[in-house]
Amino acid sequence: MLALVTVAVWALAFAIPSGEYRRNADGKPIQGTYHHVPSGLSFGGHLKDLFLSPVNGLYGIQDAKTGAVGPDNTGDLYGSAGVFLFVLAIGAFITVVFATGALDRGIARLAHALRTRGALLIAGIMVVFSVLGTVEGFAEETLGFYGLIVPLMLALGYDRMVATGTIILGAGVGVLCSTVNPFATGVASSAADISLGDGIVLRFLMWIVLTAVTVAYVVRYGRRVQRRPERSISGFLPGDREHGEQSTQEPPELTGRHKAVLAGVALVFTFMIFSVVPWSSALTGKADAVPYGWELDWSFAELAALFIVAAVLVGLLARMGEQKLSSTIVQGAADFISPALVIMLARGVTVIMNNAKVTDTVLHAIEGVVSGSSNAVFAIIVFVVNLPLAFLIPSTSGHATLAMPILAPLADFAGVSRSVVVTAWQSASGWMNLWVPTTAVTIGGVSLAKVRYDQYLRFIWPLLAILFVLICGFVSLGAVAT
């Protein structure tokens, strides 16, 4: 998809008029100053930009005078090298954590402890998955839990749809309301040129409300199936009840190492949140508040270093040994090279637009569409516009890198914080990824649970409508507040 987008944008750059805005001291476009300027590129120059777009997407340098991006220029980094390394670092960390077995066993112990209290079991698992989703984008990792949770839910008198909703919606609503998720909020914030912590208060409130609503929705359906099994949307397969009763053996106890690893993981993510939040602005409500002396104001360079060090420390806590720890870190980085490359390729598309001087032209066209709208309406428009894009590009990283260079400056024109645009964008991406067939998390999940996709859509559509309304309300509130 990104390859097709790259070629399509490159071809369109010949037809779209080139132009630019005048910039203020912060480098932000000034509304009303758009004017046409020649791009200065020959056909050979255009062809070179297409050829070098992946390279420029990683470490292209923007010339301070001309604004052109190239690998041999002198100026500021325009490519995504910082985010690229950050994704590999957190991939290494997450893989090391899973290799210890602590997280899997911890969730299994939670499920077993709550096995006789169905509603509490559903809520407990969904909240844990939602927390993991909002802080580190827990999504594909959920596919490993169907073998545990499906039989457990069946043994409690639920159907397979309850298990499916518990897993997909639990993690999905967390990703939808990402607070510091590096693959959604992190990449989008970087592309929007703002701090990862900007807008975290609004996103945290969204996470509390939308998680509570989603948990209540699944619990309500589960209780209905318990009382009247014939009202199950997915029905029951032969041997469901018997299989469930045989699959409730007590999992192994958490060892001291497992507890140490889980404590270490909690500490790392807590410190990450502390390091990126602009505390002076969050506590005073003033965007231009003077930072406190103890604020760290960390960005992707520091966070990449944090997760590299944390991966090593977790491995040492688990006593993995030098050889296993080294190979696990390398394997973790390798497993996450795909989203890292997606970010690089998507950034390459923006380089093509930048060098052809059509980015501001597209921005000017959209400015005409949203001009005159209220702040609340503007935020809803950003949310709705991103829905079809999320269908075509289910990768949150790729979607963010493509969309933010256009959408973020619109917030400046509307007098709205760029963090609201980030929140509206990630809400659209998260909402779509709860149900679209282009995401492996949904299709893989219903396949593992042996639930038909059309049955899942029938189960989820009322919740989607509720979440849609709530998201519009939250992004509108955020836009008005800023």
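Side chains included, hydrogens not; waters and symmetry mates left out as well; all remaining heavy atoms used.
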Worksheet item: Can you check side chain to side chain contact (heavy atoms under 4.5 Å, CB included) on Met206 and Ile471, steps first, answer last?
Response: CA-CA 8 Å; Met206 281 186 65; Ile471 291 168; 4.3 Å; yes
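- Looking at residues two or more places apart in sequence or on another chain, you find no salt bridge (Lys or Arg N to Asp or Glu O under 4.0 Å) involving Asp104.
- Note: Phe391 and Trp435 have tilted aromatic rings, judged against thresholds of 30 and 60 degrees for the angle between ring planes.
- Here Leu41 contributes atom CG and Leu47 contributes atom CG; the two are 11.5 Å apart, rounded to the nearest 0.5 Å.
- Contacts classified as salt bridge (charged side-chain N to carboxylate O under 4.0 Å, His left out) and involving residues 398-412 (residues at least two apart or in different chains) are given here: Asp412-Arg418.
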Item to complete: In sequence, state the C-alpha distance, the side-chain angles, and the governing distance for Thr185 and Thr179, and then conclude on side chain to side chain contact (heavy atoms under 4.5 Å, CB included).
Response: CA-CA 7 Å; Thr185 316; Thr179 49; over 6 Å; no
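- Using cut-offs of 30° and 60° on the angle between ring planes, the pair Trp425 and His399 is perpendicular.
- Between the side chains of Thr328 and Thr95, no donor-acceptor pair of N or O atoms lies under 3.5 Å.
- The pair Arg105-Glu253 does not count as a salt bridge, with every side-chain nitrogen at least 4.0 angstrom from each carboxylate oxygen.
- The shortest side-chain heavy-atom distance between Leu434 and Leu467 falls under the 4.5 Å cut-off.
- Results of the side chain to side chain contact (heavy atoms under 4.5 Å, CB included) test with Ser53 over Val9, Asn355, Ile352 single out Ile352 as the only residue that passes.
- The local environment of CG in Asp63 is crowded, with over 12 non-hydrogen atoms from other residues, nucleotides or ligands closer than 6.0 Å.
- Every residue two or more places apart in sequence or in another chain that forms a ring pair (Phe, Tyr, Trp, His ring centres under 6.0 Å) with Phe336 is listed here: Phe183.
- Residue Arg23 places its CZ atom among more than 12 non-hydrogen atoms of other residues, nucleotides or ligands, all under 6.0 Å distant.
- Here the side chains of Leu387 and Phe468 are in contact, with some heavy-atom distance below 4.5 Å.
- A distance of 8.0 Å separates OG1 in Thr134 from CD1 in Ile200, rounded to the nearest 0.5 Å.
- Asp297 contributes atom CG, which lies 8.0 Å from atom CD of Glu302 (distance to the nearest 0.5 angstrom).
- Take Phe84 and apply the ring pair (Phe, Tyr, Trp, His ring centres under 6.0 Å) test, not counting sequence neighbours, and it matches no residue.
- Residues Asp159 and Val162 have side chains in contact (heavy-atom distance under 4.5 Å, counting atoms from C-beta outward).
- Between Trp431 and Phe383, the ring planes are perpendicular. Angles over 60° get that label, and only those under 30° would be called parallel.
- Residues Gln62 and Asn73 have side chains not in contact (no heavy-atom distance under 4.5 Å, counting atoms from C-beta outward).
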Practice prompt. For the pair Asp193 and Lys28, evaluate side chain to side chain contact (heavy atoms under 4.5 Å, CB included) and give the outcome as yes or no after the intermediate values.
Written response: CA-CA 10 Å; Asp193 196 25; Lys28 296 179 179 179; 5.9 Å; no
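- The aromatic rings of Phe307 and Phe269 lie tilted to each other, with the angle between the two planes from 30° to 60°.
- Side chains of Val265 and Val261 form a contact here, defined as non-hydrogen atoms less than 4.5 Å apart.
- Taking the six-membered ring wherever Trp is involved, the centroid distance between the rings of Tyr221 and Tyr158 does not fall below 6.0 Å.
- Looking at residues two or more places apart in sequence or on another chain, you find a ring pair (Phe, Tyr, Trp, His ring centres under 6.0 Å) between Phe138 and Phe129.
- The line from OG1 of Thr100 to CE of Met320 is 6.5 Å long, rounded to the nearest 0.5 Å.
- Ser280 and Glu295 form a side-chain donor-acceptor contact under 3.5 Å, judged by distance and modelled atom types alone.
- In this structure, Leu77 and Ile61 have side chains that are in contact, with non-hydrogen atoms separated by less than 4.5 Å.
- A distance of 9.0 Å separates CG in Leu176 from OG1 in Thr211, rounded to the nearest 0.5 Å.
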Practice prompt. Take Tyr453 and Leu457 through the side chain to side chain contact (heavy atoms under 4.5 Å, CB included) test and state the conclusion after the steps.
Written response: CA-CA 6 Å; Tyr453 178 64; Leu457 292 181; 3.5 Å; yes
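- Here the CZ atom belonging to Phe474 is positioned 7.0 Å from the CG atom belonging to Leu202, to the nearest 0.5 angstrom.
- Under the ring pair (Phe, Tyr, Trp, His ring centres under 6.0 Å) criterion, Phe271 pairs with Trp298, sequence neighbours left out.
- Here the side chains of Ser190 and Met404 are not in contact, with every heavy-atom distance at 4.5 Å or above.
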